[in-house]
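Given the structure is predicted, the values throughout are model-derived calculations rather than measurements. All ligand and atom numbering here is 1-based and tracks the order in the structure.
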Amino acid sequence: MPDVDRRSFLVRTGLALGATVLAGGFPRAFADQPSSPGKFESWEAVRAQFLLSRHLIHLAGFFLASHPTPVRESIERHRAGFDADPIGYWLVQEEKQEAAVLRAAADYLGGDPSEIALTDSTTMGLGLLYGGLQLREGQEILTTTHDHYSTETSLRLRAERTGTTVRQVSLYRSLNEVTPSSLVNELVMGIRPKTRVVALTWVHSSTGLKLPIRAMATAIEELNQHRAEHDRILLCVDGVHALGVEDFRVNELGCDFLIAGTHKWMFGPRGTGLVWGHQRAWPVAQATIPTFSTQAYDIWMKLAPAADLPPSVYMTPGGFHSFEHRWALAEAFQFHRDVGKSRVTQRIHELNLQLKQGLAAMAHVTLHTPMSQELSAGIVCFEVAGMTPREVVEKLRRRGIVGSVTPYATQFARLAPGLLNSEDEIEATVREVGNLRE
Ligand SMILES: Cc1ncc(COP(=O)(O)O)c(C=O)c1O
(Lines give C-alpha, C1' and ligand atoms only; values in the text may rest on other atoms or scores of the structure.)
Protein backbone atom coordinates (compact mmCIF):
# COMPACT_ATOMS: atom_id res chain seq x y z
CA MET A 1 0.00 0.00 0.00
CA PRO A 2 1.56 3.34 -1.00
CA ASP A 3 2.11 5.78 1.85
CA VAL A 4 -0.67 8.18 0.94
CA ASP A 5 -3.16 5.33 0.70
CA ARG A 6 -1.88 3.83 3.89
CA ARG A 7 -2.31 7.10 5.70
CA SER A 8 -5.85 7.50 4.46
CA PHE A 9 -6.63 3.97 5.46
CA LEU A 10 -5.30 4.62 8.94
CA VAL A 11 -7.48 7.68 9.26
CA ARG A 12 -10.44 5.72 7.98
CA THR A 13 -9.97 2.89 10.41
CA GLY A 14 -8.29 4.52 13.37
CA LEU A 15 -5.66 1.83 13.10
CA ALA A 16 -2.58 4.04 13.12
CA LEU A 17 -0.70 2.34 15.92
CA GLY A 18 -1.48 -1.25 14.99
CA ALA A 19 -0.65 -0.63 11.38
CA THR A 20 2.72 0.77 12.20
CA VAL A 21 3.54 -2.40 14.04
CA LEU A 22 2.22 -4.55 11.21
CA ALA A 23 4.16 -2.63 8.62
CA GLY A 24 7.19 -4.57 9.78
CA GLY A 25 5.87 -7.46 7.71
CA PHE A 26 3.84 -10.58 7.99
CA PRO A 27 5.06 -14.05 8.85
CA ARG A 28 6.55 -15.93 5.94
CA ALA A 29 3.54 -18.19 5.72
CA PHE A 30 1.62 -15.30 4.17
CA ALA A 31 4.17 -14.57 1.49
CA ASP A 32 3.24 -15.25 -2.14
CA GLN A 33 4.62 -18.37 -3.65
CA PRO A 34 4.58 -18.12 -7.44
CA SER A 35 4.00 -21.44 -9.17
CA SER A 36 6.76 -22.58 -11.44
CA PRO A 37 6.14 -23.22 -15.15
CA GLY A 38 7.02 -26.40 -16.99
CA LYS A 39 5.78 -28.90 -14.42
CA PHE A 40 2.62 -30.02 -16.20
CA GLU A 41 3.98 -32.03 -19.06
CA SER A 42 1.52 -34.88 -18.61
CA TRP A 43 -2.25 -34.56 -18.20
CA GLU A 44 -1.98 -36.82 -15.18
CA ALA A 45 0.26 -34.19 -13.58
CA VAL A 46 -2.49 -31.64 -14.16
CA ARG A 47 -5.13 -34.01 -12.77
CA ALA A 48 -2.97 -34.64 -9.70
CA GLN A 49 -3.40 -31.01 -8.69
CA PHE A 50 -7.06 -31.64 -7.84
CA LEU A 51 -8.74 -33.44 -4.95
CA LEU A 52 -11.64 -34.55 -7.18
CA SER A 53 -12.82 -38.02 -6.29
CA ARG A 54 -11.08 -40.71 -8.31
CA HIS A 55 -14.20 -42.89 -8.08
CA LEU A 56 -16.12 -40.75 -10.54
CA ILE A 57 -15.71 -39.58 -14.13
CA HIS A 58 -16.30 -35.85 -13.81
CA LEU A 59 -17.99 -34.48 -16.91
CA ALA A 60 -19.67 -31.49 -15.27
CA GLY A 61 -16.49 -29.69 -14.20
CA PHE A 62 -17.66 -26.51 -15.88
CA PHE A 63 -20.50 -26.22 -13.39
CA LEU A 64 -18.33 -25.19 -10.47
CA ALA A 65 -14.57 -25.61 -10.22
CA SER A 66 -12.60 -27.89 -8.00
CA HIS A 67 -9.53 -25.91 -6.89
CA PRO A 68 -6.06 -26.99 -8.03
CA THR A 69 -3.26 -27.12 -5.46
CA PRO A 70 -1.85 -23.59 -5.99
CA VAL A 71 -5.33 -22.07 -5.66
CA ARG A 72 -6.12 -24.19 -2.59
CA GLU A 73 -2.84 -23.29 -0.94
CA SER A 74 -3.24 -19.62 -1.68
CA ILE A 75 -6.74 -19.63 -0.18
CA GLU A 76 -5.39 -21.31 2.94
CA ARG A 77 -2.55 -18.78 3.28
CA HIS A 78 -4.92 -15.85 3.04
CA ARG A 79 -7.44 -17.50 5.34
CA ALA A 80 -4.76 -17.99 7.98
CA GLY A 81 -3.82 -14.32 7.66
CA PHE A 82 -7.41 -13.17 8.05
CA ASP A 83 -8.14 -15.52 10.90
CA ALA A 84 -5.09 -14.27 12.79
CA ASP A 85 -5.81 -10.57 12.30
CA PRO A 86 -8.59 -9.65 9.85
CA ILE A 87 -8.11 -5.89 9.73
CA GLY A 88 -4.34 -6.01 9.94
CA TYR A 89 -4.06 -8.57 7.18
CA TRP A 90 -6.41 -6.63 4.96
CA LEU A 91 -4.48 -3.44 5.62
CA VAL A 92 -1.17 -4.88 4.55
CA GLN A 93 -2.37 -7.08 1.70
CA GLU A 94 -5.39 -5.49 0.02
CA GLU A 95 -3.86 -3.22 -2.58
CA LYS A 96 -1.02 -5.57 -3.38
CA GLN A 97 -3.23 -8.63 -3.79
CA GLU A 98 -5.93 -6.91 -5.82
CA ALA A 99 -3.28 -5.49 -8.14
CA ALA A 100 -1.75 -8.96 -8.49
CA VAL A 101 -5.12 -10.48 -9.43
CA LEU A 102 -5.81 -7.77 -12.00
CA ARG A 103 -2.31 -8.15 -13.43
CA ALA A 104 -2.65 -11.94 -13.68
CA ALA A 105 -6.09 -11.63 -15.30
CA ALA A 106 -4.84 -9.02 -17.77
CA ASP A 107 -1.77 -11.07 -18.68
CA TYR A 108 -3.90 -14.13 -19.26
CA LEU A 109 -6.59 -12.28 -21.22
CA GLY A 110 -4.20 -10.13 -23.20
CA GLY A 111 -5.61 -6.86 -21.91
CA ASP A 112 -4.77 -4.18 -19.40
CA PRO A 113 -5.53 -4.37 -15.66
CA SER A 114 -7.43 -1.08 -15.86
CA GLU A 115 -9.92 -2.72 -18.23
CA ILE A 116 -11.04 -5.33 -15.70
CA ALA A 117 -13.67 -5.18 -12.96
CA LEU A 118 -13.67 -8.03 -10.45
CA THR A 119 -16.97 -9.67 -9.56
CA ASP A 120 -18.19 -12.73 -7.71
CA SER A 121 -19.67 -14.57 -10.72
CA THR A 122 -20.79 -14.33 -14.31
CA THR A 123 -24.27 -13.52 -13.06
CA MET A 124 -23.06 -10.62 -10.93
CA GLY A 125 -21.16 -9.20 -13.90
CA LEU A 126 -24.12 -9.58 -16.24
CA GLY A 127 -26.55 -8.07 -13.75
CA LEU A 128 -24.31 -5.08 -12.99
CA LEU A 129 -23.38 -4.43 -16.60
CA TYR A 130 -26.78 -4.87 -18.22
CA GLY A 131 -28.39 -2.96 -15.38
CA GLY A 132 -25.90 -0.11 -15.69
CA LEU A 133 -25.32 0.50 -19.41
CA GLN A 134 -26.50 4.03 -20.13
CA LEU A 135 -28.78 4.10 -23.14
CA ARG A 136 -30.32 7.12 -24.81
CA GLU A 137 -34.05 7.55 -25.36
CA GLY A 138 -35.28 5.07 -27.95
CA GLN A 139 -32.14 2.91 -28.01
CA GLU A 140 -32.72 -0.82 -27.60
CA ILE A 141 -30.91 -3.97 -26.52
CA LEU A 142 -30.82 -6.91 -28.90
CA THR A 143 -30.32 -10.39 -27.53
CA THR A 144 -31.10 -13.93 -28.63
CA THR A 145 -33.44 -16.74 -27.66
CA HIS A 146 -30.42 -18.94 -26.87
CA ASP A 147 -28.98 -17.11 -23.90
CA HIS A 148 -28.66 -18.29 -20.33
CA TYR A 149 -31.08 -17.45 -17.54
CA SER A 150 -28.61 -14.91 -16.14
CA THR A 151 -28.43 -12.83 -19.32
CA GLU A 152 -32.13 -13.07 -20.02
CA THR A 153 -33.13 -12.20 -16.47
CA SER A 154 -30.62 -9.34 -16.15
CA LEU A 155 -32.10 -7.84 -19.31
CA ARG A 156 -35.68 -8.41 -18.22
CA LEU A 157 -35.02 -6.75 -14.86
CA ARG A 158 -33.45 -3.82 -16.63
CA ALA A 159 -36.40 -3.52 -19.00
CA GLU A 160 -38.86 -3.60 -16.11
CA ARG A 161 -36.90 -1.02 -14.14
CA THR A 162 -36.10 1.44 -16.91
CA GLY A 163 -38.50 0.74 -19.77
CA THR A 164 -35.61 -0.12 -22.11
CA THR A 165 -36.73 -2.24 -25.07
CA VAL A 166 -35.09 -5.67 -25.09
CA ARG A 167 -35.65 -7.64 -28.29
CA GLN A 168 -34.79 -11.30 -28.86
CA VAL A 169 -33.91 -12.94 -32.16
CA SER A 170 -33.28 -16.57 -32.93
CA LEU A 171 -29.98 -17.24 -34.70
CA TYR A 172 -31.04 -20.54 -36.27
CA ARG A 173 -33.99 -22.85 -36.77
CA SER A 174 -32.08 -26.11 -36.76
CA LEU A 175 -28.62 -26.72 -35.35
CA ASN A 176 -27.98 -29.19 -38.16
CA GLU A 177 -27.99 -26.38 -40.69
CA VAL A 178 -25.93 -23.85 -38.76
CA THR A 179 -22.74 -22.43 -40.26
CA PRO A 180 -20.56 -19.58 -38.98
CA SER A 181 -21.82 -17.31 -41.75
CA SER A 182 -25.49 -18.21 -41.21
CA LEU A 183 -25.10 -17.19 -37.56
CA VAL A 184 -23.44 -13.89 -38.47
CA ASN A 185 -26.11 -13.16 -41.09
CA GLU A 186 -29.00 -13.88 -38.71
CA LEU A 187 -27.47 -11.57 -36.13
CA VAL A 188 -26.89 -8.76 -38.59
CA MET A 189 -30.45 -9.09 -39.89
CA GLY A 190 -31.71 -8.63 -36.36
CA ILE A 191 -29.83 -5.36 -35.81
CA ARG A 192 -31.84 -2.16 -36.32
CA PRO A 193 -30.79 1.49 -36.39
CA LYS A 194 -31.83 1.87 -32.74
CA THR A 195 -29.92 -1.20 -31.54
CA ARG A 196 -27.29 0.09 -29.12
CA VAL A 197 -26.38 -3.12 -27.29
CA VAL A 198 -26.02 -6.66 -28.61
CA ALA A 199 -26.01 -9.20 -25.76
CA LEU A 200 -24.72 -12.66 -26.71
CA THR A 201 -23.38 -15.83 -25.13
CA TRP A 202 -20.20 -17.17 -26.69
CA VAL A 203 -20.71 -20.86 -25.91
CA HIS A 204 -24.33 -21.83 -25.28
CA SER A 205 -24.77 -24.04 -22.25
CA SER A 206 -28.14 -25.11 -23.72
CA THR A 207 -26.69 -26.91 -26.77
CA GLY A 208 -22.89 -26.53 -26.73
CA LEU A 209 -23.02 -24.28 -29.82
CA LYS A 210 -20.11 -21.83 -29.99
CA LEU A 211 -20.88 -18.55 -31.74
CA PRO A 212 -18.32 -17.10 -34.17
CA ILE A 213 -17.78 -14.09 -31.94
CA ARG A 214 -14.81 -12.66 -33.86
CA ALA A 215 -16.77 -12.76 -37.15
CA MET A 216 -19.83 -11.28 -35.46
CA ALA A 217 -17.67 -8.48 -34.05
CA THR A 218 -16.30 -7.78 -37.52
CA ALA A 219 -19.81 -7.53 -38.96
CA ILE A 220 -20.79 -5.16 -36.15
CA GLU A 221 -17.62 -3.08 -36.70
CA GLU A 222 -18.72 -2.59 -40.30
CA LEU A 223 -22.16 -1.38 -39.22
CA ASN A 224 -20.52 0.90 -36.68
CA GLN A 225 -18.52 2.69 -39.34
CA HIS A 226 -21.72 4.45 -40.32
CA ARG A 227 -22.73 5.35 -36.78
CA ALA A 228 -21.91 8.20 -34.40
CA GLU A 229 -20.06 7.25 -31.21
CA HIS A 230 -23.22 7.52 -29.06
CA ASP A 231 -25.06 5.17 -31.43
CA ARG A 232 -22.24 2.66 -31.82
CA ILE A 233 -23.40 -0.92 -31.31
CA LEU A 234 -21.81 -2.35 -28.17
CA LEU A 235 -21.14 -6.06 -28.34
CA CYS A 236 -21.41 -7.69 -24.91
CA VAL A 237 -20.53 -11.36 -24.54
CA ASP A 238 -21.09 -13.85 -21.75
CA GLY A 239 -17.82 -15.70 -22.21
CA VAL A 240 -17.93 -18.04 -19.24
CA HIS A 241 -17.71 -21.24 -21.30
CA ALA A 242 -14.95 -19.85 -23.51
CA LEU A 243 -12.67 -18.50 -20.78
CA GLY A 244 -10.30 -21.29 -19.87
CA VAL A 245 -11.26 -23.22 -23.02
CA GLU A 246 -10.61 -21.11 -26.09
CA ASP A 247 -7.21 -19.61 -26.82
CA PHE A 248 -7.96 -15.95 -27.46
CA ARG A 249 -6.68 -12.50 -26.64
CA VAL A 250 -9.45 -10.26 -25.49
CA ASN A 251 -8.18 -7.15 -27.25
CA GLU A 252 -8.31 -9.01 -30.58
CA LEU A 253 -11.81 -10.37 -30.07
CA GLY A 254 -13.59 -7.23 -31.20
CA CYS A 255 -16.21 -7.20 -28.46
CA ASP A 256 -16.82 -4.29 -26.09
CA PHE A 257 -17.47 -6.28 -22.92
CA LEU A 258 -16.64 -9.84 -21.96
CA ILE A 259 -18.34 -11.11 -18.84
CA ALA A 260 -17.31 -14.36 -17.18
CA GLY A 261 -17.10 -16.27 -13.97
CA THR A 262 -13.63 -17.59 -13.22
CA HIS A 263 -14.90 -20.47 -11.08
CA LYS A 264 -15.72 -22.82 -13.93
CA TRP A 265 -13.23 -23.72 -16.67
CA MET A 266 -10.60 -21.38 -15.22
CA PHE A 267 -10.43 -23.36 -11.93
CA GLY A 268 -10.49 -20.08 -10.03
CA PRO A 269 -11.80 -19.87 -6.49
CA ARG A 270 -15.53 -20.41 -6.17
CA GLY A 271 -17.21 -17.02 -6.01
CA THR A 272 -14.97 -15.17 -8.46
CA GLY A 273 -15.48 -13.57 -11.85
CA LEU A 274 -14.73 -10.54 -13.97
CA VAL A 275 -15.97 -8.08 -16.51
CA TRP A 276 -13.48 -6.99 -19.14
CA GLY A 277 -14.35 -3.85 -21.08
CA HIS A 278 -12.69 -2.10 -23.98
CA GLN A 279 -11.38 1.35 -23.03
CA ARG A 280 -13.78 2.99 -25.50
CA ALA A 281 -16.80 1.14 -24.05
CA TRP A 282 -16.29 1.41 -20.31
CA PRO A 283 -17.59 5.00 -20.00
CA VAL A 284 -21.06 3.78 -21.05
CA ALA A 285 -21.28 1.58 -17.95
CA GLN A 286 -22.57 3.05 -14.73
CA ALA A 287 -21.97 1.35 -11.41
CA THR A 288 -24.72 0.18 -9.07
CA ILE A 289 -22.80 -1.00 -6.02
CA PRO A 290 -20.27 1.38 -4.41
CA THR A 291 -16.70 0.35 -5.03
CA PHE A 292 -14.35 -0.05 -2.08
CA SER A 293 -11.32 1.03 -4.07
CA THR A 294 -8.92 2.97 -1.85
CA GLN A 295 -8.76 5.84 -4.31
CA ALA A 296 -12.53 6.19 -4.58
CA TYR A 297 -12.84 6.03 -0.82
CA ASP A 298 -10.12 8.65 -0.38
CA ILE A 299 -11.85 11.00 -2.78
CA TRP A 300 -15.07 10.54 -0.85
CA MET A 301 -13.25 11.27 2.42
CA LYS A 302 -11.66 14.36 0.83
CA LEU A 303 -8.22 12.94 1.50
CA ALA A 304 -7.50 13.04 -2.20
CA PRO A 305 -8.61 15.48 -4.88
CA ALA A 306 -11.46 14.44 -7.16
CA ALA A 307 -9.97 12.47 -10.01
CA ASP A 308 -11.16 10.33 -12.88
CA LEU A 309 -10.54 6.74 -11.95
CA PRO A 310 -10.88 4.02 -14.58
CA PRO A 311 -14.59 3.09 -14.92
CA SER A 312 -13.63 -0.53 -14.23
CA VAL A 313 -12.68 0.56 -10.71
CA TYR A 314 -16.19 1.91 -10.11
CA MET A 315 -17.64 -1.25 -11.65
CA THR A 316 -15.82 -3.45 -9.12
CA PRO A 317 -18.44 -3.78 -6.41
CA GLY A 318 -17.35 -2.99 -2.92
CA GLY A 319 -18.25 -4.16 0.49
CA PHE A 320 -15.77 -6.62 1.91
CA HIS A 321 -15.47 -9.90 0.10
CA SER A 322 -14.36 -13.44 0.78
CA PHE A 323 -10.87 -12.06 0.10
CA GLU A 324 -9.12 -15.38 0.58
CA HIS A 325 -10.96 -16.54 -2.53
CA ARG A 326 -10.68 -13.34 -4.53
CA TRP A 327 -6.94 -13.01 -4.00
CA ALA A 328 -6.24 -16.65 -4.85
CA LEU A 329 -7.60 -16.00 -8.35
CA ALA A 330 -4.16 -14.91 -9.54
CA GLU A 331 -3.00 -18.49 -9.02
CA ALA A 332 -5.72 -19.85 -11.31
CA PHE A 333 -4.61 -17.65 -14.20
CA GLN A 334 -1.01 -18.66 -13.55
CA PHE A 335 -2.01 -22.32 -13.42
CA HIS A 336 -3.62 -22.12 -16.86
CA ARG A 337 -0.60 -20.34 -18.27
CA ASP A 338 1.68 -22.96 -16.75
CA VAL A 339 -0.32 -25.67 -18.50
CA GLY A 340 -0.31 -23.59 -21.69
CA LYS A 341 -3.27 -21.79 -23.25
CA SER A 342 -3.10 -23.44 -26.67
CA ARG A 343 -2.51 -26.87 -25.13
CA VAL A 344 -5.61 -26.40 -22.98
CA THR A 345 -7.71 -25.55 -26.03
CA GLN A 346 -6.39 -28.42 -28.08
CA ARG A 347 -6.92 -30.95 -25.29
CA ILE A 348 -10.49 -29.88 -24.52
CA HIS A 349 -11.43 -29.95 -28.21
CA GLU A 350 -9.83 -33.38 -28.72
CA LEU A 351 -11.71 -34.95 -25.82
CA ASN A 352 -14.99 -33.36 -26.89
CA LEU A 353 -14.51 -34.59 -30.44
CA GLN A 354 -13.84 -38.10 -29.15
CA LEU A 355 -17.10 -38.00 -27.18
CA LYS A 356 -19.14 -36.51 -30.01
CA GLN A 357 -17.87 -39.03 -32.53
CA GLY A 358 -18.72 -41.86 -30.15
CA LEU A 359 -22.24 -40.53 -29.53
CA ALA A 360 -22.92 -39.69 -33.17
CA ALA A 361 -22.28 -43.33 -34.14
CA MET A 362 -25.13 -44.62 -31.95
CA ALA A 363 -28.58 -45.10 -33.44
CA HIS A 364 -30.35 -44.47 -30.11
CA VAL A 365 -28.55 -41.15 -29.49
CA THR A 366 -29.28 -37.76 -31.04
CA LEU A 367 -26.29 -35.46 -30.79
CA HIS A 368 -27.25 -31.77 -30.76
CA THR A 369 -23.85 -30.10 -30.46
CA PRO A 370 -22.13 -29.39 -33.78
CA MET A 371 -19.16 -31.64 -34.54
CA SER A 372 -16.92 -28.89 -35.87
CA GLN A 373 -14.40 -27.12 -33.63
CA GLU A 374 -15.49 -23.82 -35.15
CA LEU A 375 -18.99 -24.25 -33.76
CA SER A 376 -18.39 -26.04 -30.48
CA ALA A 377 -16.14 -25.96 -27.44
CA GLY A 378 -16.27 -28.04 -24.25
CA ILE A 379 -19.97 -28.86 -23.91
CA VAL A 380 -21.76 -31.81 -25.54
CA CYS A 381 -25.56 -32.02 -25.50
CA PHE A 382 -27.55 -35.04 -26.61
CA GLU A 383 -30.69 -37.12 -26.17
CA VAL A 384 -31.19 -40.85 -25.76
CA ALA A 385 -34.27 -42.35 -27.40
CA GLY A 386 -37.02 -43.24 -24.95
CA MET A 387 -35.43 -41.54 -21.94
CA THR A 388 -35.73 -38.10 -20.42
CA PRO A 389 -32.46 -36.17 -20.03
CA ARG A 390 -32.85 -36.50 -16.27
CA GLU A 391 -33.08 -40.29 -16.55
CA VAL A 392 -29.99 -40.34 -18.76
CA VAL A 393 -27.99 -38.28 -16.27
CA GLU A 394 -29.20 -40.31 -13.31
CA LYS A 395 -28.38 -43.63 -14.98
CA LEU A 396 -24.92 -42.40 -15.89
CA ARG A 397 -24.39 -41.16 -12.34
CA ARG A 398 -25.19 -44.64 -11.05
CA ARG A 399 -22.40 -45.87 -13.33
CA GLY A 400 -20.00 -43.31 -11.86
CA ILE A 401 -20.26 -40.73 -14.65
CA VAL A 402 -21.15 -37.20 -13.60
CA GLY A 403 -23.07 -35.14 -16.14
CA SER A 404 -25.88 -32.61 -15.91
CA VAL A 405 -29.19 -31.65 -17.48
CA THR A 406 -29.29 -28.34 -19.36
CA PRO A 407 -31.25 -25.86 -17.19
CA TYR A 408 -33.35 -24.48 -20.04
CA ALA A 409 -36.96 -24.84 -21.25
CA THR A 410 -35.77 -27.47 -23.74
CA GLN A 411 -33.64 -29.92 -21.83
CA PHE A 412 -30.82 -32.18 -22.98
CA ALA A 413 -28.35 -34.45 -21.27
CA ARG A 414 -25.00 -32.64 -21.11
CA LEU A 415 -21.44 -33.90 -20.73
CA ALA A 416 -18.44 -31.60 -20.69
CA PRO A 417 -15.03 -33.23 -21.13
CA GLY A 418 -12.32 -31.00 -19.70
CA LEU A 419 -8.68 -30.95 -18.68
CA LEU A 420 -9.25 -33.33 -15.80
CA ASN A 421 -10.48 -36.15 -18.02
CA SER A 422 -8.57 -38.78 -19.92
CA GLU A 423 -9.21 -40.52 -23.24
CA ASP A 424 -9.98 -43.70 -21.26
CA GLU A 425 -12.67 -41.90 -19.31
CA ILE A 426 -14.28 -40.65 -22.50
CA GLU A 427 -14.13 -44.13 -23.96
CA ALA A 428 -15.80 -45.54 -20.85
CA THR A 429 -18.46 -42.85 -21.05
CA VAL A 430 -19.22 -43.62 -24.69
CA ARG A 431 -19.50 -47.29 -23.74
CA GLU A 432 -21.95 -46.53 -20.92
CA VAL A 433 -24.12 -44.29 -23.11
CA GLY A 434 -24.07 -47.17 -25.59
CA ASN A 435 -25.51 -49.40 -22.85
CA LEU A 436 -28.33 -46.95 -22.20
CA ARG A 437 -31.00 -48.56 -24.26
CA GLU A 438 -34.63 -48.94 -23.36
C1 LIG B 1 -23.82 -19.37 -20.21
C2 LIG B 1 -23.83 -19.22 -18.73
N3 LIG B 1 -23.75 -17.98 -18.21
C4 LIG B 1 -23.77 -17.79 -16.88
C5 LIG B 1 -23.84 -18.83 -16.00
C6 LIG B 1 -23.81 -18.53 -14.54
O7 LIG B 1 -22.49 -18.49 -14.11
P8 LIG B 1 -22.07 -17.99 -12.66
O9 LIG B 1 -22.30 -19.14 -11.75
O10 LIG B 1 -20.63 -17.64 -12.78
O11 LIG B 1 -22.93 -16.83 -12.35
C12 LIG B 1 -23.92 -20.15 -16.50
C13 LIG B 1 -23.98 -21.37 -15.69
O14 LIG B 1 -23.96 -21.47 -14.52
C15 LIG B 1 -23.93 -20.34 -17.90
O16 LIG B 1 -24.03 -21.57 -18.43
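- Within the 6.0 Å centre-distance limit, the rings of Tyr172 and His146 are counted as a close aromatic pair.
- Here the protein heavy atom with the shortest distance to atom 14 (O) of ligand 1 is Lys264 NZ, 2.8 Å.
- Of all atoms in ligand 1, listed by their number and element, those nearer than 4.0 Å to a heavy atom of His263 are 8 (P), 9 (O), 10 (O).
- Neither the backbone nor the side chain of His204 has any atom closer than 4.0 Å to an atom of ligand 1 (non-hydrogen atoms only).
- The heavy atom nearest to atom 7 (O) of ligand 1, considering only Val203, Thr262, Asp120, Thr122, is found in Thr122.
- Closest heavy-atom approach to atom 4 (C) of ligand 1 among the candidates Thr123, Ile379, Asp238: Asp238.
- Note: no N/O pair closer than 3.5 Å links Thr201 and ligand 1 by distance alone.
- Heavy-atom proximity to Ser205, at under 4.0 Å, picks out these atoms of ligand 1: 1 (C), 15 (C), 16 (O).
- Geometrically, ligand 1 and Tyr408 share no nitrogen or oxygen pair separated by less than 3.5 Å.
- Aromatic ring centres of Phe63 and Trp265 lie farther apart than the 6.0 Å criterion allows.
- Geometric assessment of Arg343 against the ring of Trp43 yields a positive cation-pi assignment under the 6.0 Å and 45° thresholds.
- A donor-acceptor pair is defined here as one N or O able to donate and one able to accept, closer than 3.5 Å; no such pair exists between the side chain of Arg437 and the backbone of His364.
- Of the options Met124, His146, His148, the smallest heavy-atom separation from atom 15 (C) of ligand 1 is shown by His148.
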| message | One pair to check against ring-ring contact (aromatic ring centres under 6.0 Å, His included): His336 and Phe267. What are the steps and the verdict? | response | CA-CA 8 Å; His336 264 258; Phe267 305 128; 5.4 Å; yes
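- Checking side-chain atoms of Ser121 against main-chain N and O of Gly271 turns up no donor-acceptor pair under 3.5 Å.
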